[in-house]
Amino acid sequence: MDPDNLSVVLHAKGDLRLEQRPIPEPGPDEVLLQMHSVGICGSDVHYWVHGRIGDFVLKEPMVLGHEASGRVVRVGTGVTHLKPGDRVAIEPGVPREMDEFFKSGHYNLSPSIFFCATPPDNGNLCRYYIHKASFCYRLPDNVTYEEGALIEPLSVGIHACRRAGITLGSSVLICGAGPIGLVSLLVAKAMGASQVVISDLSADRLAKAKELGADILLPVKTEDLPEEMAKRVESMLGGMPHVSIECTGVESSIQTAIYATRSGGVVVLVGLGASMTTVPLLNAAVREVDIRGVFRYCNTWPTAIAMLASKRVNVKPLVTHRFPLEQAVQAFETTRQGLGVKVMLKCDKNDQNP
């Protein structure tokens, strides 16, 4: 095996380095993977620029990356469902203990969960990486490595739409047409939403949303008033949406989502913003608008793989930039500048294909 294990390591705020690390040995219930495609997430960039996200603070060097797929090269002694050569998508959140959240099927809420590229846990933006085998999912032949890597953001959309209760005929407002807003759009349409209106400051991102199936585009300016925006949504849809999915974390956008949602409807908060946010809570309360949070996802990989294999969902247009692993710093800068939608790093020197 090639001893090259080039890794993208964040040492401190603003200090991103490419360095060699030892190739790890898989434990009994783990697999060693040769990484193929890893997408850059906004959280990766946030750690790079700020050195922390909320209470998760970088205190020692950490490998970045958690939107990933690769090929099995070695399996642990206790692994029976995977073999060398299998192509897999990696679910980055692995529960460490069988606590109440694990038992109830909400393992994403376990306070002790391992999660790739969340301090102190290393991610998988490297040539070789070990992961729990039970959280590696074999990809069908008609699903590419890049689609496998995009299952991670797609899972956020699946979890958000499940939390929202989207069903046949639902009308939906999505605030924000970044990667998470766009996957939420794809999933909402696949789950039967009849009309989806999506808002953003960027005309380019709204154009991408149109390409991916958005019914109505809502350009936003920073000075727009939330209550006025809500009225525009109602006018465009011919009624207030059953569901609003807020993907920006911006205070005014959260306010818009609440004002816009019809009485008895649901607002799902996906975007992460300020820890204290002013919202029209009484407006939501007296209209029985449920406000639901989203923290990552759980039990989504099999669903996502089925959606991709059946071609019910097409995530390929999300990838707008590709870089070899050696150009990781340039790739991160591209993401930081907000260029394109999804930047994909190619980790296998001998296979740079999607």
Side-chain angles (χ1 to χ4, degrees), residues 26 29-39 41 43 65-72 75-76 79-83 85-96 98 101-110 113-118 121 123-125 129-164 166 179-180 182-188 190-191 270 294-316 318-319 342 344 347 354:
D29 58 351
E30 295 174 331
V31 288
L32 175 65
L33 303 169
Q34 181 176 15
M35 301 307 298
H36 186 283
S37 297
V38 182
C41 175
S43 66
H66 62 267
E67 303 179 358
S69 62
R71 181 175 61 86
V72 176
V75 300
V79 177
T80 57
H81 73 288
L82 294 172
K83 63 184 186 304
D86 283 345
R87 301 160 58 253
V88 297
I90 301 164
E91 181 171 1
V94 181
R96 284 187 166 99
M98 201 177 291
F101 301 104
F102 182 100
K103 291 175 183 175
S104 65
H106 305 288
Y107 56 86
N108 57 312
L109 302 179
S110 175
I113 194 169
F114 167 92
F115 197 89
C116 292
T118 296
D121 301 327
N124 42 37
L125 200 36
Y129 168 76
I130 54 170
H131 200 69
K132 282 281 193 286
S134 54
F135 283 77
C136 295
Y137 300 82
R138 191 184 292 110
L139 293 172
D141 292 341
N142 68 339
V143 176
T144 67
Y145 280 113
E146 286 189 358
E147 288 177 289
L150 289 167
I151 289 173
E152 197 278 341
L154 183 61
S155 285
V156 178
I158 293 170
H159 191 54
C161 289
R162 283 176 175 171
R163 294 274 291 153
I166 290 174
I180 297 302
L182 294 175
V183 293
S184 298
L185 160 67
L186 289 171
V187 176
M191 289 174 75
V270 185
V294 159
F295 187 65
R296 298 172 180 157
Y297 34 66
C298 58
N299 307 301
T300 52
W301 256 251
T303 300
I305 289 171
M307 291 169 79
L308 292 170
S310 66
K311 306 304 175 187
R312 289 293 307 276
V313 164
N314 181 17
V315 293
K316 291 178 181 177
L318 294 173
V319 181
K342 180 57 67 176
M344 194 68 66
C347 302

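Given the structure is predicted, the values throughout are model-derived calculations rather than measurements.
- The side-chain heavy atoms of Cys347 and Tyr129, taken from C-beta on, include no pair separated by under 4.5 Å.
- Between the CG atom of Asn124 and the CD1 atom of Ile90 there is a distance of 5.0 Å, given to the nearest 0.5 Å.
- Cys136 places none of its side-chain heavy atoms less than 4.5 Å from the side chain of Val72.
- Remark: Phe115 pairs with His66 by the ring-ring contact (aromatic ring centres under 6.0 Å, His included) rule, at least two apart or across chains.
- Counted within 6.0 Å of CG on Asp141, heavy atoms from surrounding residues, nucleotides or ligands total 12 or fewer; the atom is thus considered open.
- Smallest separation of non-hydrogen atoms from Pro354 and Ser37: O-OG, 4.1 Å.
- Summarising the geometry, atom CZ belonging to Arg312 is positioned 7.5 Å from atom CE belonging to Met307; distances are rounded to the nearest 0.5 Å.
- The backbone N or O of Glu91 lies less than 3.5 Å from a partner atom in the side chain of His131, making a donor-acceptor pair.
- One finds the SG atom of Cys298 at 10.5 Å from the CH2 atom of Trp301 (value rounded to the nearest 0.5 Å).
- A pairwise comparison of heavy atoms in Asn314 and Leu186 identifies O-CD1, 3.7 Å as the closest pair.
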Report task. Apply the test side chain to side chain contact (heavy atoms under 4.5 Å, CB included) to residues Leu139 and Glu147: give CA-CA distance (whole Å), side-chain angles for both, the deciding distance (0.1 Å), then the verdict. Result -> CA-CA 9 Å; Leu139 293 172; Glu147 288 177 289; over 6 Å; no
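- Atom CZ of Arg96 is surrounded by more than 12 heavy atoms from other residues, nucleotides or ligands within 6.0 Å.
- In this structure, Glu146 does not pair ionically with Lys342, as no charged nitrogen and carboxylate oxygen lie closer than 4.0 Å.
- For Tyr107, the ring-ring contact (aromatic ring centres under 6.0 Å, His included) test picks out Phe135, with sequence neighbours left out.
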Output a table of donor-acceptor pairs, distance under 3.5 Å, between side-chain atoms of residues 152-160 and any protein atom two or more places apart or on a different chain; print 'none' if there are none.
| from | atom 1 | to | atom 2 | distance (Å) |
| --- | --- | --- | --- | --- |
| Glu152 | OE2 | Tyr297 | OH | 2.7 |
| Ser155 | OG | Ile151 | O | 2.9 |
| Ser155 | OG | Thr300 | OG1 | 2.8 |

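- What you find for Leu82 and Val75 is that their closest heavy atoms are O-CG1, 3.6 Å.
- Under the rule for a side-chain hydrogen bond (donor to acceptor under 3.5 Å, both in side chains), Arg87 has no partner lying at least two apart in sequence or in another chain.
- Distance alone, capped at 3.5 Å, places no donor-acceptor pair between the Asn108 side chain and the Gly93 backbone.
- Residues forming a side-chain hydrogen bond (donor to acceptor under 3.5 Å, both in side chains) with Asp86 (at least two apart in sequence, or on another chain): Lys83, Arg138.
- Although no hydrogens or angles enter the test, the distance criterion places a donor-acceptor pair under 3.5 Å between the side chain of Asn299 and the main chain of Gly105.
- Taking all atoms of both residues into account, the shortest heavy-atom contact from Val79 to Ala133 is CG2-CB, 3.6 Å.
- Across Gly148 and Val143, no two heavy atoms sit closer than the pair N-CG1, 4.3 Å.
- Looking at Ile305 and Pro140, their side chains come closer than 4.5 Å, going by heavy atoms from C-beta outward.
- Contact of the Thr303 side chain with the Arg162 side chain is registered, since non-hydrogen atoms from C-beta on lie closer than 4.5 Å.
- One finds the SG atom of Cys41 at 5.0 Å from the CD atom of Glu67 (value rounded to the nearest 0.5 Å).
- Residues that satisfy the side-chain hydrogen bond (donor to acceptor under 3.5 Å, both in side chains) test with Tyr145, not counting sequence neighbours, are absent from this structure.
- Side chain of Asn142 to backbone of Ala309: a donor-acceptor contact under 3.5 angstrom is found.
- Among all heavy-atom pairs drawn from Cys161 and Ala188, the shortest one is SG-N, 3.7 Å.
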